[in-house]
Amino acid sequence: MNKRSQFFSQQVVQWYLDHGRHDLPWRKKVTPYRIWISEIMLQQTQVKTVVPYFKNFIKKFPSQKRLAGASEDQVLAAWSGLGFYRRARNIFATKEIIKNNYGNKFPNQFQQIIELPGIGKSTAGAIMSLAYLDPHPILDGNVKRVISRFLKKELDLLKEAELWKLSQEMLSRDDCFSYTQGIMDLGATICTPSNPSCDECPVNSECLSAFKVRSIKKNKTVSAKKVIVMNLSLIQTEKSLLLVKNETDSIWRNLWLPFDSGSIKNYIKNFKLTTKEKIKHELTHRRLEINLKTYSSLKEQEIETNQTYKWIKKDRIEEYGLPKPISKVIKEL
DNA sequence: CATACGTGGCC
DNA sequence: TGGCCAAGTAT
């Protein structure tokens, strides 16, 4: 085992140095702050999707100090369209902790880092290895797949604790930065879930699955998607939009949405109905159907409600966090 | 331990 | 087309 893991880590490091994606923006300039933001963005999200969001976020908030004064709305606005918005709320919460407890300097101890909201064992490990060059294992989809294939283990039979142990054993102590980046690049570009490019793989000669890779996923029982129906009314004047902050503890929490049609029905007579449409939006576990009515109003009418609402100037809409289907509709107005 | 949480891409 | 998957975490 020792020899195999040594071979594996050495090969991965060398492959990263020769063939890794060194041009990714969070690799060109490395700081704990940039590693943190990139690692959060990359949770369950592909590199290609993250790159433009990372560049935009860093442009708006170049450093820990420059993020310190941001509002949660501003952070959510920078996250608009990226999904899993809890990550953005956790970035806001974490930067508040770093401002109050760490003098706006990202902590450098594993135990401190893992206690920050939105940072679990794998992200904390990645930050330690990448930002502080202190070897800590990670365990994401890439590592699970690459290592279990290399050792020809049935992924579904491996328990989480065993996978962590394997990840720890394989980890290069000499160059944890290149190793950690390398195993993720390897999983994303060579040892892909389907149709892996085994002939380009640096550990091919010792891989127990090489040339006979097959899906090692068992069929999971998938329950039918629940359909969630939302009835929303988008009210606009010539220059502004009436939006309400979604403070329910569910999807799109703290993002801005059109009013629920029911909660604004007493005012509808003041507005002129312009369009009706049904928007279908597929999520992993849900199927959303948004019945959207669009109304025009002559003035920015005050609404009696205990919800947080705002008439938002159309030219300042980018300062607010909006879910994808809503920002799409607004762009097309 | 199963489920919620977004969105885009692939086959 | 619909299901699966992607640098996971929180509950």
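Just the heavy atoms: all of them, side chains too, but no hydrogens, waters or symmetry mates, feed the values below. Only a predicted model underlies this, so the values are computations on that prediction, with no experimental measurement involved. Labels below follow one simple rule: chain letters A, B, ... track the order of the sequence lines, proteins then strands, and each chain is numbered from 1.
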Whole-angstrom distance between [N] and [M], as gauged at atom [atom1]:
N     : M      : atom1 : result
C/dA7 : B/dC11 : P     : 16 Å
B/dG9 : C/dT9  : C1'   : 23 Å
B/dG6 : C/dG2  : P     : 23 Å
B/dC1 : C/dA10 : C1'   : 13 Å
C/dT1 : B/dC5  : P     : 25 Å

With a 4.0 Å cut-off, would you call [X] and [Y] a salt bridge?
X        : Y        : answer
A/Lys225 : A/Glu282 : yes
A/Glu72  : A/Arg89  : no
A/Glu154 : A/Arg149 : no
A/Arg34  : A/Glu39  : no

Point to revise | By side-chain hydrogen bond (donor to acceptor under 3.5 Å, both in side chains) - contacts of A/Lys65 (at least two apart) | key: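 Testing A/Lys65 for side-chain hydrogen bond (donor to acceptor under 3.5 Å, both in side chains), a comparison that skips the adjacent residues, returns none.
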
**Study point:** Members of residues 250-263 of chain A that approach DNA chain C, where some heavy atom sits under 4.0 Å away
**Key:**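 Heavy-atom contacts with DNA chain C come from no residue of residues 250-263 of chain A; none.
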
Contact list please: [range] against DNA chain B, heavy atoms, distance less than 4.0 Å, in numerical order.
range                       : result
residues 15-46 of chain A   : A/Gln44, A/Thr45
residues 317-332 of chain A : A/Pro323, A/Lys324, A/Pro325
residues 121-136 of chain A : none

Check your understanding: How are the rings of A/Phe150 and A/Phe8 set relative to one another: parallel (under 30°), tilted (30 to 60°) or perpendicular (over 60°)?
Key ->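 Tilted.
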
Exercise for review: On the 0 to 90° scale, with breaks at 30° and 60°, tag the A/Trp256-A/Tyr320 ring pair as parallel, tilted or perpendicular.
Suggested key: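 Rings of A/Trp256 and A/Tyr320: perpendicular, as their planes differ by over 60°.
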
Check your understanding: Looking for any heavy atom pair under 4.0 Å, which part of the strands does A/Val143 touch: base, sugar-phosphate only, or nothing?
Key ->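 Here A/Val143 touches no strand at all.
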
Practice item. Identify whether any heavy atom of A/Gly81 sits under 4.0 Å from a base atom; if not, whether one sits that close to sugar-phosphate; answer base, sugar-phosphate or nothing. Key: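 Sugar-phosphate, backbone atoms only, no base.
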
Exercise for review: Please check if A/Val50 and A/Phe61 belong to a single hydrophobic cluster, counting links between Ile, Leu, Val, Met, Phe, Trp and Tyr side chain heavy atoms closer than 4.5 Å.
Suggested key: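 Yes, A/Val50 and A/Phe61 fall within the same hydrophobic cluster.
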
Check your understanding: Are A/Tyr309 and A/Leu232 in one and the same hydrophobic cluster, where Ile, Leu, Val, Met, Phe, Trp and Tyr link if side-chain heavy atoms are under 4.5 Å apart?
Key ->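 Different clusters.
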
Check your understanding: OP1 or OP2 of B/dC5 less than 4.0 angstrom from a side-chain nitrogen or oxygen of A/His285, does that happen here?
Key ->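 For B/dC5, neither OP1 nor OP2 has a side-chain N or O of A/His285 closer than 4.0 Å.
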
Review point. Counting only distance, no hydrogens or angles, is the base of C/dT9 paired donor-acceptor with the side chain of A/Arg86 under 3.5 Å?
Key: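 Side chain to base: pair found, below 3.5 Å.
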
Check your understanding: According to the ring pair (Phe, Tyr, Trp, His ring centres under 6.0 Å) rule, which pairs have a member within residues 114-141 of chain A, sequence neighbours left out?
Key ->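 Output for this query lists A/Phe110-A/His136.
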
Practice item. Return yes if some donor-acceptor pair links the side-chain N/O of A/Thr192 with the main-chain N/O of A/Thr189 below 3.5 Å, else return no. Key: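 No, the answer is negative, given that no donor and acceptor are paired below the 3.5 Å cut-off.
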
Check your understanding: Is the gap between the ring centers of A/Phe106 and A/Tyr102 under 6.0 Å?
Key ->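 Between A/Phe106 and A/Tyr102, the centre distance exceeds or equals 6.0 Å.
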
Practice item. Could you state the atom-to-atom distance from CG of A/Asn195 to C1' of C/dA6 in whole Å? Key: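 The answer, rounded to whole Å, is 16 Å.
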
